[in-house]
Student: 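For reference, the structure I am asking about is given below.
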Amino acid sequence: MPERALTDWVAAAERLRWPAQLLVDGARRPPLDGETRALVTPRDGTELARVPWGGGEDIEAAVAAARRAFDEGPWPRMAPSERKVVLLRFAELIEANRDELALMVTLEMGKPIAQSWSIELRAVLASYRYYAELADKELDEIAPTGQEALALVTREPVGVVGVVTPWNFPLTLSAWKIAPALAFGCTVVHKPADLTPLSAVRIAELALEAGVPAGVLNVVPGRGSVLGRRIGEHPAVDALAFTGSTAVGREYLRYAAESNLKRTWLELGGKSPNIILPDAERDRAIATAAWGITFNAGQMCTAPSRLIVHEEIAEEVLDGVVRACAGYRPGDPLDPATTMGPLAAIERAAAVDEHVDRAFAEGATAALDARGGTGAYYGPVVCSGVEAASRLAREEVFGPVLAVQRASDVDEAVRLANDSEYGLAAGLWTRDVTAVHRISRRLRAGTVWVNCYEEGDLGVPFGGYKQSGNGRDKSRHAIEKYTELKTTYLQL
Ligand code: NAP
Ligand code: MG
């Protein structure tokens with residue numbers, strides 16, 4: 001990130017011009033019923049802007065536009081190499097507006113500016129560039145049918161894709177869906193999270209400027225239970241790509257079941273275990289465990305929220321993790337030196353508190369309780385002696401709250417790790433390369449991070465086992481979500 005002081009970012013925030021309209025069918029326009037809502041920043045609880053708050057009729061218009069753009073428009077019919085050029089231009093515009101977009105995310109949901117700039121926006125750029133480049137590089141297949149036939153197996157875009165996303169990595173998680181959908185010729189209706197609506201509209205404005213045709217990317221902010229549901233139930237939407245909670249994911253399966261059986265792709269919650277074995281590189285394991293639960297103020301689907309530590313080293317690790325967590329104090333997200341920001345909304349503090357109070361009531365011990373900030377500012381909590389059956393060990397908190405459990409051997413560690421309805425990710429710390437592979441094979445999780453956490457690259461798939469979802473974002477595997485396979489069988 002370029003050298004910039006807090007005062008520079010504050011000045012930039014004051015100059016910021018927020019989008020004031022929806023983006024439907026290539027046009028900026030107010031919601032059909034004219035409603036707006038306040039956009040409030042968790043930084044200090046003040047109003048940033050008015051959000052054009054869409055209603056059901058706006059979704060109807062957006063789906064109709066996306067349908068038309070898919071059925072009749074140029075986008076799905078363009079050569080993939082032409083879509084690539086447009087999407088690369090889109091990425092250039094995102095890069096040119098990186099400061100503004102990073103600032104919007106930070107103000108909307110409180111992520112520290114340094115992280116918005118270097119982590120969130122880096123991932124967004126990587127995503128658009130990766131799928132732009134992939135658009136004209138995937139080959140189709142000819143099946144080995146023998147001499148008497150020719151069978152072509154080709155990919156076609158699935159059609160109109162509904163994209164519904166959360167607020168914790170708002171631009172990244174949206175880009176993981178929108179980029180491959182657009183690259184492979186689909187059209188999109190995006191309903192961003194209530195807390196992060198305007199950065200999403202701004203992205204779509206840049207897409208339009210880059211030459212993405214009207215109707216191909218439509219963005220309508222508004223209430224999930226109204227707009228998301230409308231998209232989920234819509235007979236003209238062919239596929240739905242959702243990231244959010246497991247409870248809402250379940251609703252989307254119901255919407256699909258009760259409408260047109262649209263393909264429903266879900267990236268859901270997690271309660272990820274992080275196993276530290278006695279031979280681990282102790283200092284790094286401890287520092288990463290603390291960083292992991294405070295990163296993004298704990299609001300990570302992949303947060304390493306269950307620390308499972310071998311009892312031989314349990315005291316030392318717990319002491320270290322408590323000390324390291326105590327070093328994270330939530331600060332002003334506009335300060336480039338801040339490493340932990342506030343929660344994404346003031347109301348979230350009470351929700352996180354409920355989890356912590358219940359954990360203590362269920363017998364957990366407060367190894368660290370650094371709550372007690374004002375507003376959305378919420379310090380880390382470390383709970384030790386957390387029973388496997390307790391709610392803290394089973395439920396996602398989405399805040400900086402760590403549950404520590406002890407295991408007497410590797411088998412118990414694996415059993416505890418897998419004792420969850422979730423299966424999004426897991427961490428494993430050991431220097432024994434055989435143990436790495438043996439244990440990693442036993443962990444029921446979409447990603448196993450070994451001697452690291454939250455590392456990644458656009459080239460690796462991301463998604464969950466069990467109730468953490470289905471399908472995969474990122475990598476070539478994401479193509480599956482946005483394409484249909486067609487067999488054309490020719491008897492010679
Ligand atoms: P959420 O409450 O499930 O909301 C996600 C999206 O769904 C929002 O746009 C929301 O709209 C919409 N929605 C809410 N209720 C709905 C309903 N009844 N019908 C249709 N749509 C509805 O999740 P969140 O609080 O924004 O985000 C936190 C959750 O996301 C956590 O569970 C986290 O684990 C998960 N997550 C998963 C991943 C992953 O990749 N696996 C990544 C990040 C986050 P509103 O904004 O109006 O509520
Ligand atoms: Mg919500």
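First listed ligand is number 1; within each ligand, the first listed atom is number 1.
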Student: May I ask you to check whether F398 and W167 place their ring centres under 6.0 Å from each other?
Tutor: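 Distance test on ring centres: under 6.0 Å, yes.
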
Student: Check T246 against ligand 1 and report side chain, backbone, both or neither, counting heavy atoms closer than 4.0 Å.
Tutor: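 Neither part.
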
Student: Looking at T243, which atoms of ligand 1 are within less than 4.0 Å of one of its heavy atoms?
Tutor: 5 (C), 36 (N), 37 (C), 38 (C), 39 (C), 40 (O), 42 (C), 43 (C), 44 (C)

Student: Where does the angle between the aromatic ring planes of Y255 and Y252 fall among parallel (under 30°), tilted (30 to 60°) and perpendicular (over 60°)?
Tutor: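 If you compare the ring of Y255 with that of Y252, the planes turn out perpendicular.
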
Student: Please list the nearest protein heavy atom to atom 33 (C) of ligand 1 with its residue and the distance rounded to 0.1 Å.
Tutor: F398 CE1, 3.2 Å

Student: Considering the heavy atoms of A193, write down every atom of ligand 1 situated less than 4.0 Å from one of them.
Tutor: 9 (O), 46 (O)

Student: Are Y482 and F184, when compared by the centres of their aromatic rings, separated by less than 6.0 Å?
Tutor: no

Student: Just going by heavy-atom distances, which of Y255, Y252, F462, Y422 is nearest to atom 18 (N) of ligand 1?
Tutor: Y255

Student: Is the shortest distance from atom 4 (O) of ligand 1 to a protein heavy atom below 4.0 Å?
Tutor: no

Student: Which one of L268, L173, V164, N296 has a non-hydrogen atom at the shortest distance from atom 41 (N) of ligand 1?
Tutor: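 Looking at heavy atoms only, L268 sits closest to atom 41 (N) of ligand 1.
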
Student: Could you pull out, from H190, R223, E396, the option with a heavy atom nearest to atom 47 (O) of ligand 1?
Tutor: R223

Student: Tell me: protein heavy atom nearest atom 7 (O) of ligand 1, and distance?
Tutor: F242 CE1, 3.2 Å

Student: How far is atom 36 (N) of ligand 1 from its nearest protein heavy atom, and which residue and atom is that?
Tutor: C301 CB, 3.5 Å

Student: Only heavy atoms count here, so choose which of P166, G244, G463, G269 is nearest to atom 35 (C) of ligand 1.
Tutor: G244

Student: Any side-chain donor-acceptor pair under 3.5 Å between E60 and H234?
Tutor: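 Indeed, the side chains of E60 and H234 share at least one donor-acceptor pair under 3.5 Å.
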
Student: Is a side-chain N or O of E205 found less than 3.5 angstrom from the main chain of P19, in a donor-acceptor match?
Tutor: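 Not at all, since once roles are kept as given, no pair shorter than 3.5 Å links the two residues.
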
Student: Does S245 reach ligand 1 with a nitrogen or oxygen that is under 3.5 Å from one of the ligand's nitrogen or oxygen atoms?
Tutor: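 Among all N and O atoms of S245, at least one is under 3.5 Å from an N or O of ligand 1.
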
Student: Can you report which non-hydrogen protein atom sits closest to atom 10 (C) of ligand 1, along with the distance?
Tutor: K191 NZ, 3.8 Å

Student: Where on M300 is there a heavy atom closer than 4.0 Å to ligand 1, on the side chain, on the backbone, on both, or on neither?
Tutor: neither

Student: Check this for me: does any side-chain nitrogen of one of D194 and R37 sit under 4.0 Å from a carboxylate oxygen of the other?
Tutor: no

Student: State whether the side chain of R394 and the backbone N or O of A388 hold a donor-acceptor pair below 3.5 Å, judged by distance alone.
Tutor: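 Yes; at least one donor-acceptor contact below 3.5 Å.
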
Student: So, regarding D194 and ligand 1 (criterion: nitrogen or oxygen to nitrogen or oxygen, under 3.5 Å), is there a contact or not?
Tutor: yes

Student: For the atom pair CZ (R29) and CG (L23), what is the distance rounded to the nearest 0.5 Å?
Tutor: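 These two atoms lie 9.5 Å from each other.
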
Student: Using a strict 4.0 Å cut-off to heavy atoms of R229, name the atoms of ligand 1 that fall inside it.
Tutor: 20 (C)

Student: Report yes or no: do E108 and S199 form a side-chain donor-acceptor pair below 3.5 Å?
Tutor: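 Checked: E108/S199 side chains pair up, N/O donor to acceptor below 3.5 Å.
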
Student: To which of T165, V226, I231, V248 does the heavy atom nearest atom 15 (N) of ligand 1 belong?
Tutor: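 When every heavy atom of T165, V226, I231, V248 is considered, V248 comes closest to atom 15 (N) of ligand 1.
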
Student: Quick one: does any side-chain atom of D332 pair with a main-chain N or O of L334 as donor and acceptor, under 3.5 Å?
Tutor: yes

Student: Any nitrogen or oxygen of W167, main chain or side chain, under 3.5 Å from a nitrogen or oxygen of ligand 1?
Tutor: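 There is such a contact, yes.
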
Student: Purely on distance, is any nitrogen or oxygen of N168 under 3.5 Å from one on ligand 1?
Tutor: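 The answer is no, given that N168 and ligand 1 share no N or O pair closer than 3.5 Å.
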
Student: Going by atom types alone, do S305 and E396 pair a side-chain donor with an acceptor below 3.5 Å?
Tutor: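 There is no such pair between these side chains.
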
Student: Identify the two heavy atoms, one from V201 and one from P221, that lie closest to each other, and give their separation to 0.1 Å.
Tutor: CG2-CG, 3.9 Å

Student: Sub-3.5 Å donor-acceptor pair from the side chain of T246 to the main-chain atoms of Q467, do we have one?
Tutor: yes

Student: Look only at interatomic distance and state if G224 has a nitrogen or oxygen under 3.5 Å from any nitrogen or oxygen of ligand 1.
Tutor: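 Yes, G224 has an N/O under 3.5 Å of an N/O on ligand 1.
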
Student: Quick one: does F169 get a heavy atom under 4.0 Å from ligand 1?
Tutor: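 No.
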
